[in-house]
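The shown structure was predicted, so the numbers you read here are calculated from the model rather than taken from an experiment. Note that ligands are numbered from 1 as they come in the structure, with each ligand's atoms numbered from 1 the same way.
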Amino acid sequence: MADQRIQVMDPHLAAKIAAGEVIERPASVVKELVENALDAGATWVRVEVENGGAERIVVADDGSGIQAEEVELAFRRHATSKLKREADLDRLVTLGFRGEALPSIAAIADVVCTTRANDEAAGTEVRIDSGAFERRAVARQPGTTLEVLGLFSRFPARRKFLRTRSTEAAACLQVVVPLALSFAEVRFEVRIDGREVLRTPGRGTLREAAAAVLGSDADAHLLEMNDELVDDEGRVLVRIRGLCGTGSYHRASRSGQFLLLNRRPIQNRTLGFAVHEAYGSLVPVGRHPVAVVQVDVPPDEVDFNVHPSKLEVKLLRERAVFGAVQRAIRTTLGSQGWTIPTWDAVAPVPGAGLGWPAAGSTLGSETAGEHSGPAAGGLLVGGEQLQALRVVGQVGSTYVVAEGDAGVYLVDQHAAHERVQLEALRASLAGTDAERQLLLEPLVVAAPAEAVLEVERGRLELLRLGFDVQAFGADALLVRAVPALLAQRNPERLLGEAVTALVRQTHGLVADPQATWVERLALVLACKSAVRAGDSLGRAEMEALLRQLGETALCRTCAHGRPTAVLMPFAQLEREFGRR
Ligand code: ADP
Ligand code: MG
């Protein structure tokens, strides 16, 4: 029978058990090591992940380095240079402070640490192999490289819990992304199995970092936020900065939402809900807005200590922060074309059903009174109204002018048509196969090799869109059929252009795993196939456009979030002309 007496654990075993709490999976290693690099004041951080991180993880930086005689110490439990007294816990400015990461990692993997402190002439390499240290002097620039080999290889039970190589690799990337946004002045580089999946410029602007993370198209749809909540004495209680996406720049998942609290990426249901609420019905049900919300509160008003991975936090004034996040997003949206600046609404259009949440309705009591939302109403146009319009004509070869019961409508022909095309393409993806138009003779379209690969991979989905297309050698596509929907608009060339455009954005799109490749393709196709500003339209075309727009559920905005139509109510005209 086993010995049942209580025993003090062998420290080696204790370290292994503790390690399991800090290091759940390869992504935990990446997170801890990147945080250490940032704490060390690095201006660049390079991350390499091989075989989902189980085989090899490398994190290199140009930070302060570790003194030669302190390297072994850094791998001891509760050894940290960041927290000396309990009182320091209230004003932590570093990401790490527990002194648990390095020993935990060394307990479950082989580690090679190469480092050189700024004031030392040579570097030091320390290998930790099953707990044994081996050191030698090496040449290197100031900074630190941690190489973690064979994670969990001595713990087969643990290793079995790892998901697939690509899932683990994606998780590694996902812990770096919010840090890259929070530390925009640091240049980040992430390579997965040798392939670069993220590179930020490190020039200090959040906008540039966001473009690197979200894709180059993000820039046009992100609005800058800057707001603060001040108490009676003028002390800043909450500062909100960052970027929020326009109302229809949304995703199928929350992958485009980042909350950074005092520069730490966090997850917080309440604040996540504040973001969601701030957009209200601007974002369709089941879709999620894109936002990078930087919240700063006084350091003694937040407790990062509640969860070992520091993702969950406790906030002293959660309600105030909630209100501040909402207000910042709403005022930003409201001030940027999500209302009509010169044509103030007299009253919201009846039946529009897409209005703003009532001002202040869900704000914390602290801010309810001072909420300054967008101008009331915002002239939202509902679908049923568009169908009953009488076309007056076209102005500037760009806008359709129409008259309805409520007033005069101006419709942006490109925005409107883009929305119509997108919804039709989406419908064919969601439902039965799209109507295909067979080409009399198959067409060969040149495309870059990467695009050809993408097309091969997405063949079945493309078929649902209406494209019968396959690889034709390494750098051409053979097109047999095109969607009837696009038949008028040179579809084979469209396909080549759209696929190429998508391939170019690929690395930014990693962050949105849920939007499938073909959904994104539909978006590009919709844009490229829509009538352009400057195309002159006949009356029948304009009437058809308004009718189709009226029939689409999301008629209010184009695929990029710009409004499709604005309304000048008759009541407003009467006021302008002094009739009332
Ligand atoms: P913590 O970050 O909580 O202090 P770690 O176990 O992550 O604990 O690291 C232990 C110590 O090793 C740190 O306090 C720091 O002094 C040193 N260290 C770790 N990584 C680096 C690095 N990349 N550059 C400089 N010093 C480092
Ligand atoms: Mg650390």
P103 heavy atom under 4.0 Å from ligand 1: yes
For A74, the ligand 1 atoms whose distance to one of its heavy atoms is below 4.0 Å: 10 (C), 12 (O)
Residues R46 and D62 bridged, charged N to O under 4.0 Å: no
Per-atom contacts, ligand 1 versus A101 - under 4.0 Å to a heavy atom: 6 (O), 7 (O)
Nearest heavy-atom neighbours spanning A54 and L162: CB-CD1, 4.2 Å
Contact partition for L102 relative to ligand 1, non-hydrogen atoms under 4.0 Å: both
S64, any N or O under 3.5 Å of ligand 1 N or O: no
D61 contact mode with ligand 1 (heavy-atom cut-off under 4.0 Å): side chain
Note: R207-D219 ion pair, threshold 4.0 Å (strictly below): yes
Min heavy-atom dist G63 to ligand 1 below 4.0 Å: no
Residues E185 and R263 bridged, charged N to O under 4.0 Å: yes
Ligand 1 versus A40: contacting region, heavy-atom distance under 4.0 Å: side chain
Ligand 1 contact by E100, heavy-atom criterion under 4.0 angstrom: yes
Presence of salt bridge, E125 and R136, under 4.0 angstrom: yes
Ligand 1-proximal atoms of E35, by part, heavy-atom distance under 4.0 Å: neither
Considering all heavy atoms, the nearest E168-P26 contact: OE1-CD, 3.4 Å
Short side-chain donor-acceptor distance under 3.5 Å, Q67 and D119: yes
